> 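Next up is a structure, given as structure tokens.
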Amino acid sequence: NAGVTQTPKFQVLKTGQSMTLQCAQDMNHEYMSWYRQDPGMGLRLIHYSVGAGITDQGEVPNGYNVSRSTTEDFPLRLLSAAPSQTSVYFCATREGYGYTFGSGTRLTVV
Amino acid sequence: GEDVEQSLFLSVREGDSSVINCTYTDSSSTYLYWYKQEPGAGLQLLTYIFSNMDMKQDQRLTVLLNKKDKHLSLRIADTQTGDSAIYFCAESTAGNKLTFGGGTRVLVKP
């Protein structure tokens, strides 16, 4: 049981490039979400999904797209990366009251 | 709206008790959480408290909730050097969202 797996762990992008951050879970949790962590600001919710085929915006959705075609996977897409998207990204699932976080992807946009 | 505030930094001597404080604004919070983050790592759930409880104790950890003042605290007894980390409080509301404070960096001195 791997829990929540995020790939890659580190990524450097040039401004304007696109990429997909992957998140996979093997716990059969319906709820999945993406957060970004910036210094001194805690974690802020980007997008979330309450089940396959359903996604919704969080607090800071601009510049990011998501889709949820399966229960297991919830990829986060940056269509045209900007330096302001330099951050650490965390994927999280939830069942009941309990949230489980992945180990994060550290993204730098230059 | 939701807002969660924490002090930035706490320094404590090994063996003493640490108390980390948090205030929140959303009175509809259902669960309140404490997470620990070590350098370069993801978030580890330490403990949580349901909003209709006043106190919860779990080994060295004591959580106090004052719902009237919207104040949450985490007390760590017999603080060890391994407790040095960033601690985040977070509140969960009915809107499928986990709102984090900015984190308190705890430094344990030998």
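Note that these values count all heavy atoms, side chains included, but never hydrogens, waters or copies made by symmetry. These numbers were taken from a predicted model, which means no experiment stands behind them. In what follows, every chain begins at residue 1, and chains take the letters A, B, ... in the order their sequences are listed.
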> Quick one: what part of A/Tyr99 sits under 4.5 Å from any heavy atom of chain B, side chain, backbone, both or neither?
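Both parts, backbone and side chain.
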> For A/Arg94, is it the side chain, the backbone, both, or neither that has a heavy atom closer than 4.5 Å to a heavy atom of chain B?
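Only the side chain of A/Arg94 comes within 4.5 Å of chain B.
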> Where does A/Val50 contact chain B at under 4.5 Å (heavy atoms): side chain, backbone, both or neither?
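Side chain of A/Val50 only, per the 4.5 Å heavy-atom cut-off to chain B.
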> Do B/Val106 and B/Phe100 belong to the same hydrophobic cluster, where Ile, Leu, Val, Met, Phe, Trp and Tyr are linked whenever their side-chain heavy atoms lie under 4.5 Å apart, directly or via other members?
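Yes.
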> When only pairs under 4.5 Å are counted, which of B/Gly101, B/Gly103, B/Gly102 shares the most heavy-atom pairs with chain A?
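When all of B/Gly101, B/Gly103, B/Gly102 are compared, B/Gly102 has the most.
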> Could you look at A/Gln37 and say if it's the side chain, the backbone, both or neither that has a heavy atom under 4.5 Å from chain B?
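A/Gln37 touches chain B through side-chain heavy atoms alone.
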> In this structure, would B/Leu107 and B/Val19 fall into the same cluster of hydrophobic residues linked by side-chain contacts under 4.5 Å?
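Unlinked, B/Leu107 and B/Val19 end up in two clusters.
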> Report yes or no: do A/Leu107 and A/Tyr35 belong to one cluster of Ile/Leu/Val/Met/Phe/Trp/Tyr joined by side chain heavy-atom distances under 4.5 Å?
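A/Leu107 does not cluster with A/Tyr35.
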> Please state whether the side chain, the backbone, both or neither of A/Tyr97 comes within less than 4.5 Å of a heavy atom of chain B.
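When you check distances to chain B, atoms from both the backbone and side chain of A/Tyr97 fall under 4.5 Å.
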> Would B/Leu61 end up clustered with B/Leu64 when hydrophobic side chains under 4.5 Å apart are linked, directly or stepwise?
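No, B/Leu61 and B/Leu64 fall in different hydrophobic clusters.
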> Where on B/Tyr33 is there a heavy atom nearer than 4.5 Å to chain A: the side chain, the backbone, both, or neither?
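For B/Tyr33, the side chain is the part near chain A, not the backbone.
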> If you count the non-hydrogen atoms of other residues, nucleotides and ligands that lie under 6.0 Å from CZ in B/Arg60, is the total more than 12?
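Atom CZ in B/Arg60 is crowded, with more than 12 foreign heavy atoms closer than 6.0 Å.
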> Which answer fits B/Gln44, side chain, backbone, both or neither, if we ask what part of it has an atom under 4.5 Å from a heavy atom of chain A?
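It is neither, since no heavy atom gets under 4.5 Å.
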> Within a reach of under 6.0 Å around CZ of A/Arg44, are more than 12 heavy atoms found that belong to other residues, nucleotides or ligands?
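More than 12 within 6.0 Å, yes.
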> Side chain, backbone, both or neither: which part of A/Leu43 has a heavy atom under 4.5 Å from chain B?
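For A/Leu43, heavy atoms of backbone and side chain both lie under 4.5 Å from chain B.
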> For residues A/Phe101 and B/Leu98, determine if any side-chain heavy atom of one lies less than 4.5 Å from a side-chain heavy atom of the other.
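In short, these two side chains touch, coming nearer than 4.5 Å.
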> Hey, quick one: are B/Leu74 and B/Phe50 part of the same hydrophobic cluster, counting side-chain heavy atoms closer than 4.5 Å, chains of contacts allowed?
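As far as the 4.5 Å side-chain criterion goes, B/Phe50 and B/Leu74 are connected within one cluster.
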